[in-house]
Amino acid sequence: MDVDGAGFTDLLQQAEQLTADIDGEGELPRVERNLRQIVDAGQQLWSRTTQTVSKDACDIKASILLGSKGYDLPRISQKIESLTTARTFEPVEPIRETDIQGFLKNERENAMLSVIEESKKATFERSDKVFWETLENEWEQEKLKILNALIGPSHELLDVTADSKSFLCETTNLKTRSAMDNIEMLYAKELSSYNERAVRGGSKCNLGEKFHSLFKDLDDKKVLELWEMVETMTDIPLKADKDILAARSSLLIQTSLIKQARIYLEKKYFEYIQSTVFSNLLQAELGPRPGAYYAIRSFLKMKMALQPSGLEDGLTDGNPVWAVIYYCLRCGKIDAAVSAAKNAGDSLRDFLPYLIEYQEHDGSKLKPNSESFIQLQYRRTVRSSTDPFKRAVYCILGCVTADNNSEVIDKTDDYLWMKLCQLRPEEESANLPQDSLTFSKLQSQLLEEYGETHFNAYQQPYLYFQVLFLTAQFEAAIEFLFRIESLRCHAVHVAIVLYEMNLLALSASCNAPLLAKASADKPPMRRLNLSRLLMMYTKKFEVTDPREALQYFYVLRDLKSSRGVNLFMACVSELVLETKEYEMLLGKIEPDGCRKPGAVDKFLNDTQTIIEIVATDSESKGLYEDAIKLYDLAKKHDKVIEILNKLLSQVVPQMNVVGSNRQRLENVALNIAERYRMQGHTANPETTAAFFLLLELMSFFNYYHNNQYVDALDTIKELKLLPFENQEVEQKVTAFSTYSEEVRRNFPDVLLATMNILYSEYKKTKQTLNITQDSRYKNENVSQEKHISYLRTQASALITFAGMIPYRMPGDTNARLVQIEVMMI
């Protein structure tokens, strides 16, 4: 017990000593961990040990694998680590001048590198240029579509969602139904007759008069008045030649335009007076005597049954004298106004000479002295007169614009007529008083200051059109009317009439907005993009009525596009590409080789140019099959075969599935090939040879895919493209470079197909040989063995040929060819 107790005591002392040593000052701190921390630390140590062992194990396995083949892994690793990562085409370091060989080698390599770098730079620059040109062309097309939708003066977008949906529905379900209404058809028919006369070289008729006559039998008074207005305003003695806006700003044409506008307003007002009188004959008391004076007198008796107070200078035939004179002037009956003034007696004795002078000048203006006297009289006495008609008459003769004459003028027509009477010539604007009114000032007021809001234009479109048109702002008037869908056809045909009479100011570019203001033009003049106007109009019916669309495009025959192309031809090209009506519009080739005329032949004697333009546009847009038909129609046989070669080369090895792209192209190519064989062609012999060779290769693949191996092998041997004997290899390799790229690109598929055919024959012959091993078939076995040997020889020749031709084949082609050859051993 003592011994055990002593041993336990010693053990306890040692433990306490150890604890004291740990708690004492040592080099390392004491670490305390719980059981979880100890487990985690153990796991980490174990994972490190496992990774090290795994990497060493991989190295050991790699050494064993490579060592069995004679490779020293450590030495290979050292070599790999010693390799530099210098760039292949890095310029060579300069060397000592005494090393001539090294110097020449260095210069040669630097020259080669510089050529490579320059070629690389030129290639990138050319690629960038082509890319940006293509992008710019595509954007131009998109910009045209966007601008076509910007039809408002403030470039507000037109909402065509509902219209476009209904139109698409109509054209999809009822393709044979015309998208034109009755009015549009009437216009198109009349325009067709006009164009037909122009094509035949006959004298031009008055197109505005023709359009006007269309509505005389229709119950549409507003449209009839519109064409009366157009016919009146275009009846001027002089037409512009080149600079239309400059000519319209000349004194002669401006005077004519103002006069015609007044004539129209005066005529319409007199018709209004007559209709009022004749509809109330009892009240009007017209009497038996005809004439304008008596009609106006009767009208005033009805209008002024109770005469207002303040009227001056007495009566004539029971009516206020100044009212009679004003209404006579308003109706353009100056002679009646003179008669009324004479009947007034002494009260108008001083004024009568000036009225007679006004009559002698056909209502244009008085002499400067006379006009000054009238203005002086107005400022002294008449301005404070209580008779509104007297003030209005003085304002007309004296060109006084200070008084708005609101008591007399209560309608827009009256206001416009009064302003036209008060206009002064533009040439005298520098010497005129500040409040004088010129034609350009009046135009600016009506278009820019007042504008559509003042005239409530969308509720009264005919009125606003009249305001702009009678002030010779033809382009703005047409553009406004075009924005209203129900009146669009009228606007288009008014524009055509003005253009045919050389009175329409056109935009300098066909890409300009519908209505534009050039910086060089005097305000407020605008220019109209006629080509855009017609293309937007025909967009509605060009799919259902392409013949009618042609009539409108023919109007543009004398204009050029931004690329310098005749606009008629450019529009026809777009029409053909949009509608796909090649045969109807451009004609077609009959089986006998003759061309059947199309709708375009009606306008042109030589349609070759326009067909080539359409064909070129089709090709540039990637419509290659359409381009083939069009080039064939234009007798550009070289282009036909060139495009066919590109298309056929892409589908030659494919299986001929019904309805596939390959079958369609093959049918087109066979039809053209047969016709060219029978009737001749003008294509390049080399291109033609490649074309017929591609057709033969298509026949070869047709046999191949249908498992007709005998016919396929006979076909490929007849073409003499491939060597089937070793002595033919060099000859065929030399001939390979003479083939076009379209043919060469199909060689890998031709080689594989031919090798598969040979292998199929080999297997068939081998199976037959295994069956007939009996000695009774000894002669037959010898023949089969010779055939197998011949097949192997052919396969060997093909393999050698495939390795010698200077053409980079797909990666797996050579491997598959060698694999087939190995299976035949």
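All values below were derived from every heavy atom in this structure, side-chain atoms included, with hydrogens, water molecules and symmetry-related copies excluded.
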Quiz prompt | Any residue meeting salt bridge (charged side-chain N to carboxylate O under 4.0 Å, His left out) with E271, in chain and number order, not counting sequence neighbours | solution = K268
Quiz item: Can you check whether F541 and Y537 have ring centres sitting under 6.0 Å from each other?
Solution: yes
Exercise. Check for a donor-acceptor pair, side chain of T471 on one end and backbone N or O of V467 on the other, with a separation under 3.5 Å.
Key: yes
Exercise. Would you name the heavy atoms of S436 and R424 that are closest together and state the gap between them?
Key: CB-CG, 4.4 Å
Quiz item: If you measure only the distance, is there a donor-acceptor pair under 3.5 Å linking the side chains of E312 and S385?
Solution: yes
Quiz item: Under 4.5 Å between any side-chain heavy atoms of L245 and R527, yes or no?
Solution: yes
Practice problem: Say whether Y415 and N404, considering side chains only, have a donor N or O and an acceptor N or O under 3.5 Å apart. | Solution: no
Exercise. Quick one: pull up CG in L226 and CG in D220 and give me the separation to the nearest 0.5 Å.
Key: 9.5 Å
Quiz item: What orientation do Y187 and H490 show, parallel under 30°, tilted 30 to 60°, or perpendicular over 60°?
Solution: perpendicular
Quiz item: Are E500 and V555 close enough that some pair of their side-chain heavy atoms sits under 4.5 Å apart?
Solution: yes
Exercise. Answer whether the closest heavy-atom distance between the side chains of Y194 and K210 falls below 4.5 Å.
Key: no
Self-check item: L506 side, atom CG; L530 side, atom CG - distance, nearest 0.5 Å
Solution: 6.0 Å
For residues 345-356, which side-chain donor-acceptor pairs fall under 3.5 Å, sequence neighbours excluded?
unit_1 : atom_1 : unit_2 : atom_2 : d
S347   : OG     : D313   : O      : 3.4
S347   : OG     : A344   : O      : 3.2

Quiz item: Side chains of M185 and D181: closer than 4.5 Å at any heavy-atom pair?
Solution: no
Quiz item: Are side-chain heavy atoms of L468 and I478 found at a separation under 4.5 Å?
Solution: no
Quiz prompt | With F474 via ring-ring contact (aromatic ring centres under 6.0 Å, His included) - residues at least two apart | solution = F469
Quiz prompt | Distance under 6.0 Å and angle within 45° of ring axis: K333 vs F270 | solution = yes
Practice problem: Check whether the side chains of E357 and S370 place a donor and an acceptor atom closer than 3.5 Å, and report yes or no. | Solution: yes
Quiz prompt | Sub-6.0 Å ring centroid separation between Y269 and Y272 | solution = yes
Quiz prompt | Shortest non-hydrogen contact between P524 and Q473, atoms and distance | solution = CG-OE1, 3.8 Å
Quiz prompt | Set of salt bridge (charged side-chain N to carboxylate O under 4.0 Å, His left out) partners for D335, sequence neighbours left out | solution = none
Quiz item: Do R532 side-chain atoms and N511 backbone N/O form a donor-acceptor pair below 3.5 Å?
Solution: yes
Quiz item: Just one of V382, V408, L329, I374 clears the side-chain contact (heavy atoms from CB on, under 4.5 Å) bar with V393, so which one?
Solution: L329
Quiz prompt | Residues K216, E228; criterion salt bridge (charged side-chain N to carboxylate O under 4.0 Å, His left out); working and verdict | solution = CA-CA 10 Å; K216 289 181 178 178; E228 286 179 9; over 6 Å; no
Quiz item: Is there a donor-acceptor pair under 3.5 Å between the side chain of R526 and the backbone N or O of A476?
Solution: no
Quiz item: Is any NZ, NE, NH1 or NH2 atom of the basic residue among K259 and D362 found under 4.0 Å from an Asp or Glu carboxylate oxygen of the other?
Solution: yes
Exercise. May I ask you to test the L567-F553 pair for a side-chain heavy-atom distance under 4.5 Å?
Key: no
Exercise. Tell me, please, which residues at least two apart from D413 pass salt bridge (charged side-chain N to carboxylate O under 4.0 Å, His left out).
Key: none
Quiz item: So, the side chain of N319 versus the backbone of R297: is there a donor-acceptor pair under 3.5 Å, distance only?
Solution: yes
Quiz item: What's the spacing between M418 CE and T401 OG1 if we round to 0.5 Å?
Solution: 11.0 Å
Practice problem: Could you pull out all residues at least two apart from F603 that satisfy ring-ring contact (aromatic ring centres under 6.0 Å, His included)? | Solution: Y554, F568
Quiz item: Would you call E184 and K189 a salt bridge, using N to O less than 4.0 angstrom?
Solution: no
Self-check item: Worked check of side-chain contact (heavy atoms from CB on, under 4.5 Å) between Y462 and E225
Solution: CA-CA 9 Å; Y462 287 105; E225 290 178 352; over 6 Å; no
Self-check item: G398 backbone acceptor or donor facing Q375 side chain under 3.5 Å
Solution: yes
Exercise. Would you please test Q274 and T276 for side-chain contact (heavy atoms from CB on, under 4.5 Å) and show each step?
Key: CA-CA 5 Å; Q274 286 182 314; T276 304; over 6 Å; no
Quiz item: Is the side chain of R248 donor-acceptor paired with the backbone N or O of L503 at a distance under 3.5 Å, no angle test?
Solution: yes
Practice problem: Of all the heavy-atom pairs spanning A179 and D545, show the shortest one and how long it is. | Solution: N-OD1, 3.4 Å
Practice problem: With the side chain counted from C-beta on, respond yes when E209 and W227 share a heavy-atom pair under 4.5 Å apart, and no when they do not. | Solution: no
Quiz prompt | Any donor-acceptor pair under 3.5 Å from D521 side chain to K517 backbone | solution = no
Practice problem: Using a strict 4.0 Å threshold on nitrogen-to-oxygen distance, state whether R383 and D403 make a salt bridge. | Solution: no
Self-check item: salt_bridge(E449, K441) N-O dist < 4.0 Å
Solution: no
Quiz item: Once you round to the nearest 0.5 Å, how far does CG of L442 lie from CG of L416?
Solution: 6.5 Å
Quiz item: Nearest heavy-atom pair of P513 and S507: which atoms, and what distance?
Solution: O-OG, 4.2 Å
Self-check item: Cationic N near anionic O, under 4.0 Å, E196 to R200
Solution: yes
Quiz item: Ion pair present between E407 and R391, side-chain N to carboxylate O less than 4.0 angstrom?
Solution: yes
Quiz item: Hey, what do you get for NE2 (H212) to OG1 (T232), rounding to the nearest 0.5 Å?
Solution: 8.5 Å
Practice problem: For R262 and G363, indicate whether the former's side chain and the latter's backbone hold a donor-acceptor pair under 3.5 Å. | Solution: yes
Exercise. Report yes if the side chains of N206 and T234 come closer than 4.5 Å at any heavy-atom pair, otherwise no.
Key: no
Quiz item: Any sub-3.5 Å donor-acceptor pair from R488's side-chain atoms to L481's backbone N or O?
Solution: no
Quiz item: Y552 vs H493 aromatic rings, parallel, tilted or perpendicular, using cut-offs 30° and 60°?
Solution: perpendicular
Self-check item: Check: E190 side chain, F211 main-chain N or O, donor-acceptor pair, under 3.5 Å
Solution: no
Practice problem: Take the angle between the ring planes of F389 and Y327 and call it parallel below 30°, perpendicular above 60°, tilted in between. | Solution: tilted
Quiz item: Could you walk me through whether N529 and S531 pass the side chain to side chain donor-acceptor pair (under 3.5 Å) check?
Solution: CA-CA 6 Å; N529 191 338; S531 59; 2.7 Å; yes
Practice problem: Taking all heavy atoms of V277 and all of M302, pick out the closest pair and write down the distance. | Solution: CA-SD, 4.3 Å
Quiz item: Could you give the distance from CG (L534) to OH (Y499), rounded to the nearest 0.5 Å?
Solution: 9.5 Å
Quiz prompt | Heavy-atom pair with the smallest gap, counting every atom of A505 and E475 | solution = N-OE2, 2.9 Å
